[in-house]
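Take a look at the structure below.
As a basis for the values below, the full set of heavy atoms in this structure was taken, side chains included, without hydrogen atoms, waters or symmetry mates. Note that this is a predicted model, so its numbers are computed, not measured.
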Amino acid sequence: FVRGTDFVNHAQWAEALAAFERSAKLKPHAVATYNIAACERALGHYTRARQALRDALAQNDAAQRTELADSLVTEAKARLAQIDGLLVTANVTLDPPSTAVAVDGRPLERASDGTPVAGMRLPGPGEAPPAAHFKLVMDPGVHVLTLSRKGYTDAVVNKTFAPGSTTALALTLDKLPTVFHIDA
C-alpha cells in the first residue's frame, strides 16, 4: 500500500495500480479499492474505475461505513458522476444476432443490470451479447471491435467515440461464399 502511495506521488499510475491490487489481495480494504479506482481513472480506464469506485463504496457499507472517511465517500460519488458523464453508450444492432463481439481484444462484461460493458475482462475471444439490439457502455476514444461467427467473414471495425456520446452502431457480418468441392 505504501509503495502504491509512493508511485501515485510520482504519477506512476500503472505501477501504483499494480501495488494497490497486490495490497487489496493481501488485505481487502475500501481505501485500497478506492485507490485502485483512482489509478484506473488516471489511466483513462473509466469503466474499470467506475466499477472499482462502486466496489469501494460497497466495501465501506459492509464495514458499517468505517473504512472510508466521509470526504472519500463524497469524492467517490462525485467521481462516479463525472465518469458517468464521460462514458460512451453505443446502441448496437448486430446482424446476425449470435455474432461474437470483442472490443479491443476483450469479451464484453455484463454489469449488474445486464448492460454489456467493454474493457472489464481479460483479453480473450469475443462472445455473443444478450440480444441483437443492446446498449454497450465503453470508455471514450478509439476502439477496435472484432466480430466473428462460424460460416461468416470476420469483421474488424475501428471507431472513435467522443466522451459522453451516445451513438447508433450497426454491426453486420457477411456470409462466406459457398465452396464447391469437385472430386476427380
Side-chain angles (χ1 to χ4, degrees), residues 1-90 92 101-127 129-130 134-145 160-167:
F1 185 90
V2 172
R3 281 189 58 89
T5 304
D6 289 340
F7 285 129
V8 166
N9 290 334
H10 293 95
Q12 294 174 296
W13 299 108
E15 294 85 352
L17 175 61
F20 288 128
E21 287 175 335
R22 283 191 303 273
S23 175
K25 282 183 183 174
L26 292 172
K27 182 175 181 347
H29 196 279
V31 174
T33 306
Y34 177 87
N35 287 336
I36 289 169
C39 293
E40 293 285 16
R41 180 175 168 264
L43 291 166
H45 305 156
Y46 299 114
T47 57
R48 294 170 64 102
R50 179 176 69 167
Q51 185 59 54
L53 285 168
R54 289 176 175 170
D55 291 346
L57 291 170
Q59 284 175 307
N60 190 55
D61 286 346
Q64 283 84 37
R65 303 173 193 237
T66 59
E67 292 186 356
L68 289 177
D70 290 344
S71 61
L72 286 182
V73 170
T74 301
E75 184 67 24
K77 290 177 180 178
R79 286 186 178 184
L80 278 170
Q82 179 212 30
I83 288 169
D84 284 340
L86 292 171
L87 291 176
V88 172
T89 300
V92 178
V101 178
V103 177
D104 302 326
R106 297 170 183 261
L108 304 177
E109 175 77 23
R110 285 202 192 164
S112 58
D113 66 358
T115 302
V117 180
M120 300 293 293
R121 293 178 60 190
L122 293 174
E127 297 172 358
F134 61 96
K135 288 183 190 259
L136 172 61
V137 176
M138 62 187 132
D139 294 333
V142 179
H143 292 285
V144 176
L145 293 90
T160 302
F161 299 90
S165 64
T166 298
T167 185

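Between Ser165 and Pro140, every side-chain heavy-atom pair lies at or beyond the 4.5 Å cut-off. Using a 4.5 Å cut-off on side-chain heavy atoms (C-beta onward), Leu72 and Asn60 make no contact. Between Phe20 and Phe1, some side-chain heavy-atom pair lies under the 4.5 Å cut-off. Residues Leu87 and Asp139 are in side-chain contact: their nearest non-hydrogen atoms beyond the backbone lie under 4.5 Å apart. The closest side-chain heavy-atom distance from Leu136 to Val103 is below 4.5 Å. The closest side-chain heavy-atom distance from Leu17 to Ile36 is below 4.5 Å.
Between the NZ atom of Lys135 and the OG1 atom of Thr115 there is a distance of 8.5 Å, given to the nearest 0.5 Å. Atom CG of Leu108 and atom CE of Met138 lie 9.0 Å apart (nearest 0.5 Å). In this structure, the separation between CD on Gln12 and CZ on Arg3 is 9.5 Å, given to the nearest 0.5 Å.
Of all non-hydrogen atoms in Pro107 and Pro125, the two that sit nearest each other are CB-O, 3.4 Å. Lys25 and Pro28 get closest at one heavy-atom pair: O-CD, 4.4 Å. Cys39 and Val8 get closest at one heavy-atom pair: SG-CG2, 4.4 Å. When all heavy atoms are compared, the tightest approach of Gly4 to Ala16 is O-CB, 3.6 Å. When all heavy atoms of Ala56 and Thr33 are compared, the closest pair comes out as N-CG2, 3.6 Å. For the pair Thr47 and Ala118, the tightest heavy-atom approach, listed with the atom from each and the gap, is OG1-O, 3.1 Å.
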>> Please determine whether side chain to side chain contact (heavy atoms under 4.5 Å, CB included) holds for the pair Leu57 and Leu80, giving the CA-CA distance in whole Å, both sets of side-chain angles, and the decisive distance to 0.1 Å.
In response: CA-CA 11 Å; Leu57 291 170; Leu80 278 170; 3.8 Å; yes
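Inspection of the Asp55 and Gln51 side chains reveals an N or O donor paired with an N or O acceptor under 3.5 Å.
A donor-acceptor pair under 3.5 Å links the side-chain atoms of His29 to the main chain of Val31, judged by distance alone. Put simply, the side chain of Arg106 gets close to the backbone of Arg121: a donor and an acceptor are under 3.5 Å apart. At least one donor-acceptor pair closer than 3.5 Å links the side chain of Thr74 to the backbone N or O of Asp70.
Annotation: salt bridge (charged side-chain N to carboxylate O under 4.0 Å, His left out) contacts involving residues 40-52, sequence neighbours excluded, comprise Glu40-Arg48, Arg50-Asp84.
With respect to Glu75 and Arg79, a salt bridge is recorded, a charged nitrogen being found less than 4.0 Å from a carboxylate O.
Note on ring orientation: taking the six-membered ring where Trp is involved, the planes of His143 and Phe161 are tilted (angle from 30° to 60°).
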